[in-house]
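Residue numbers begin at 1 in each chain, while the letters A, B, ... track the order of the sequences.
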There are 2 protein chains.
Amino acid sequence: MDILARIQNEQDQFSQSEKRIAEILLNDFDFAVNASIVELAERAEVSPPTVTRFCRRLNCQNYADFKIQLAKTMFVGARYLNPGTRSTAPADVAEDIVTKAQNALYLFHHAFKPEQAQVVAETLSRSGMIYAFGSGGNSSMIAQELQNRLFRLGLRVSACTDHHMQMMIAAAARPEDTIIGSSFSGRNMELVRAFTLAREAGATTVALSQSDSAVAAAADHALTIDLPEGDNIFRPTSTRFAYLALVDILANLTAYQNRAQATVTLRHIKHQLVAHRDGDDRQLLGD
Amino acid sequence: MDILARIQNEQDQFSQSEKRIAEILLNDFDFAVNASIVELAERAEVSPPTVTRFCRRLNCQNYADFKIQLAKTMFVGARYLNPGTRSTAPADVAEDIVTKAQNALYLFHHAFKPEQAQVVAETLSRSGMIYAFGSGGNSSMIAQELQNRLFRLGLRVSACTDHHMQMMIAAAARPEDTIIGSSFSGRNMELVRAFTLAREAGATTVALSQSDSAVAAAADHALTIDLPEGDNIFRPTSTRFAYLALVDILANLTAYQNRAQATVTLRHIKHQLVAHRDGDDRQLLGD
DNA sequence: CCTCTTATCTAAATTCTTTTCATAATCTGC
DNA sequence: GCAGATTATGAAAAGAATTTAGATAAGAGG
């Protein structure tokens with residue numbers, strides 16, 4: 001766990017002096033990260049040794065170590081603590097969006113459960129047919145992306161973003177099939193119904209969604225992503241970045257399940273692209 | 001510019017001693033970031049003052065400042081310098097993918113030109129109709145995403161991922177229309193032809209692509225993204241994250257061009273979603 | 001009200017960092 | 001190829017910063 005999370009966690013167990021130090025850290029990050037132990041102590045109205053002890057308490061070797069940890073988290077964590085700007089200047093907008101995206105990835109990674117993903121990857125690689133479901137802009141992108149990443153591995157996969165089709169596919173699913181569906185909100189009831197139908201047909205269902213949600217509860221396996229959303233309605237949801245990363249990880253783990261087959265298929269795709277373009281084989285695997 | 005970029009930039013202007021220091025920094029980041037000036041000097045076989053001077057040369061106040069800068073970049077920069085693991089353990093795969101994605105965002109942000117994006121945003125907001133073009137998995141996702149972000153702002157936009165349709169649309173474009181096309185490789189010659197056709201018809205063209213590429217050259221405005229690609233064929237391109245961020249930024253800047261209209265449209269969409277679901281208006285704007 | 005524990009400080013010791021100055025190496029223009 | 005200038009580097013000293021050690025104060029529990 002990173003240092004800021006630790007500070008926020010233990011905040012109520014801190015002594016008076018420690019609380020004062022923590023407050024400065026959380027409020028004036030910029031100062032804290034550049035301050036010497038004397039300066040920090042002065043500002044918190046405590047003695048330097050108290051600061052040293054504070055660092056030790058947070059599992060840091062010494063003040064220097066503590067500062068390194070702080071600086072490391074700062075890059076991704078700073079904006080998360082201090083709500084982002086509402087500036088409409090292009091440079092600020094860009095910074096805000098990039099930082100939020102990085103934050104989303106960071107928080108996702110923190111909560112990520114490798115074993116669960118591995119189980120899903122094994123399921124996918126053994127599936128007779130994979131159907132990727134999702135609706136409404138964000139999740140439909142994830143469904144498409146699942147298809148885009150998995151077909152490259154030589155798997156049989158089809159994305160479907162249409163409710164009616166989803167229901168028909170779910171009803172027609174076979175026991176060896178897997179239905180993987182995404183819902184950022186977890187409240188896509190049509191997807192819940194499709195999952196239920198698919199399970200009745202004996203197929204395996206995988207949800208990419210919020211934990212404690214109807215969608216997650218309806219599936220055999222749930223890979224959950226719970227991120228706070230910003231409240232600026234103009235800002236597109238940075239959660240997409242986390243979902244996209246999850247798709248990448250799943251695709252990658254699935255590839256390793258049957259490496260030989262994946263390699264062959266990828267080579268065929270690459271060959272086709274290179275032949276079709278201009279012979280530069282450093283090109284991307286698909287535009 | 002960040003410290004690692006600065007080091008890599010000036011590397012050939014370094015003296016012998018400085019080169020030795022730089023080498024340690026670039027190769028053993030973990031050591032460097034935790035080392036005291038004495039330890040670092042010892043390992044580089046130079047004297048501590050030389051390290052201090054090295055830091056100053058890189059526009060740092062002192063060694064402490066230098067270390068902070070180093071630690072800040074480390075979080076995103078470390079893996080970029082030291083090629084990622086080839087481990088297939090789920091946790092390592094996840095870390096590698098997340099770090100690469102964060103790196104992509106970081107590098108993109110570094111090279112990002114806010115003014116150019118602003119010009120494009122103005123163009124988009126004034127367009128009669130916007131067509132988003134892209135093909136081949138990655139770029140088609142970007143085209144879809146452009147549509148998904150821009151329609152919410154009350155703009156007229158249509159994504160098209162089909163070459164033949166693209167050509168017909170380009171031919172039929174009007175002077176007040178904008179065609180925005182994505183190509184990660186920059187070598188999508190069909191897109192180049194569509195741009196040419198559209199320009200002949202008097203429409204404005206915008207490329208999201210590599211600089212120095214055929215696609216970028218063919219458009220009126222080019223927003224370029226140049227990122228190194230990893231060489232693990234199983235790893236999906238992390239460049240997607242950068243393109244996605246660019247779309248977000250563009251959509252956001254465009255929204256601010258005509259804030260009133262965008263707000264109204266977004267509210268309508270939200271109202272529809274809330275009415276359709278369960279009244280929790282903290283839900284995401286679209287699943 | 002006393003004792004024990006915990007929190008905190010002062011002062012000293014230690015370690016780290018920078019400055020200063022001397023020397024060595026390298027370059028420049030003749 | 002050499003004198004003078006410039007630059008690079010290190011040793012030692014000075015100056016900070018950090019930690020340790022021991023002392024004191026504050027609070028909890030009997």
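- Comparing atom distances between the A:S15 side chain and each of D:dT9, C:dT19, C:dA7 picks out C:dA7 as nearest.
- Going from atom CZ of A:R20 over to atom C1' of C:dC9 covers 13 Å, rounded to whole Å.
- Close to D:dT20, at under 4.0 Å from its OP1 or OP2, lies no side-chain N or O of A:T52.
- Within the 4.5 Å cutoff, the side chain of A:K19 has no heavy atoms near those of the A:E23 side chain.
- Comparing D:dG10, D:dT18, C:dT8 against the side chain of A:Q16 picks out C:dT8 as the nearest.
- If you take OH of B:Y63 and P of C:dT15, they are 17 Å apart, rounded to a whole angstrom.
- The nearest whole Å value for the distance from the NZ atom in B:K19 to the P atom in D:dT7 is 17 Å.
- When the P atom of D:dA8 is taken as reference, atom CZ of B:F54 falls 13 Å away, rounded to whole Å.
- The distance between atom CD1 of B:I37 and atom P of D:dA16, rounded to the nearest whole Å, is 16 Å.
- Atom CG of A:D65 and atom C1' of D:dA17 are 16 Å apart (whole Å).
- Checking C:dT8, C:dT17, D:dA17 against the side-chain heavy atoms of A:S17 singles out C:dT8 as nearest.
- In this structure, A:R20 and A:T50 have side chains that are not in contact, with every pair of non-hydrogen atoms separated by 4.5 Å or more.
- Residue A:R56 places at least one side-chain N or O under 4.0 Å from the OP1 or OP2 atom of D:dT20.
- Straight-line distance from the CD atom of A:E42 to the P atom of D:dA16: 14 Å, rounded to whole Å.
- Mapped onto DNA chain D by nearest heavy atom, A:V38 and A:R53 fall at different nucleotides, with A:V38 at the one closer to the 5' end.
- Close to D:dG10, at under 4.0 Å from its OP1 or OP2, lies a side-chain N or O of B:T50.
- Using cut-offs of 30° and 60° for the angle between ring planes, the B:F184 and B:Y243 rings count as parallel.
- Taking for each of A:N62 and B:P48 the nucleotide of DNA chain D with the nearest heavy atom, the 5'-most of the two is the partner of B:P48.
- Using a 4.0 Å heavy-atom criterion, one finds that A:S47 contacts the bases of the nucleic acid, with or without backbone contacts as well.
- Between B:F241 and B:F108, the distance from one ring center to the other does not fall under 6.0 angstrom.
- Backbone-only contact: B:V46 has heavy atoms under 4.0 Å from sugar-phosphate atoms and none from a base.
- Between A:T239 and A:N138 the shortest side-chain heavy-atom distance does not fall below 4.5 Å.
- Atom pair B:R57:CZ and D:dA8:C1' shows a separation of 11 Å (rounding to whole Å applied).
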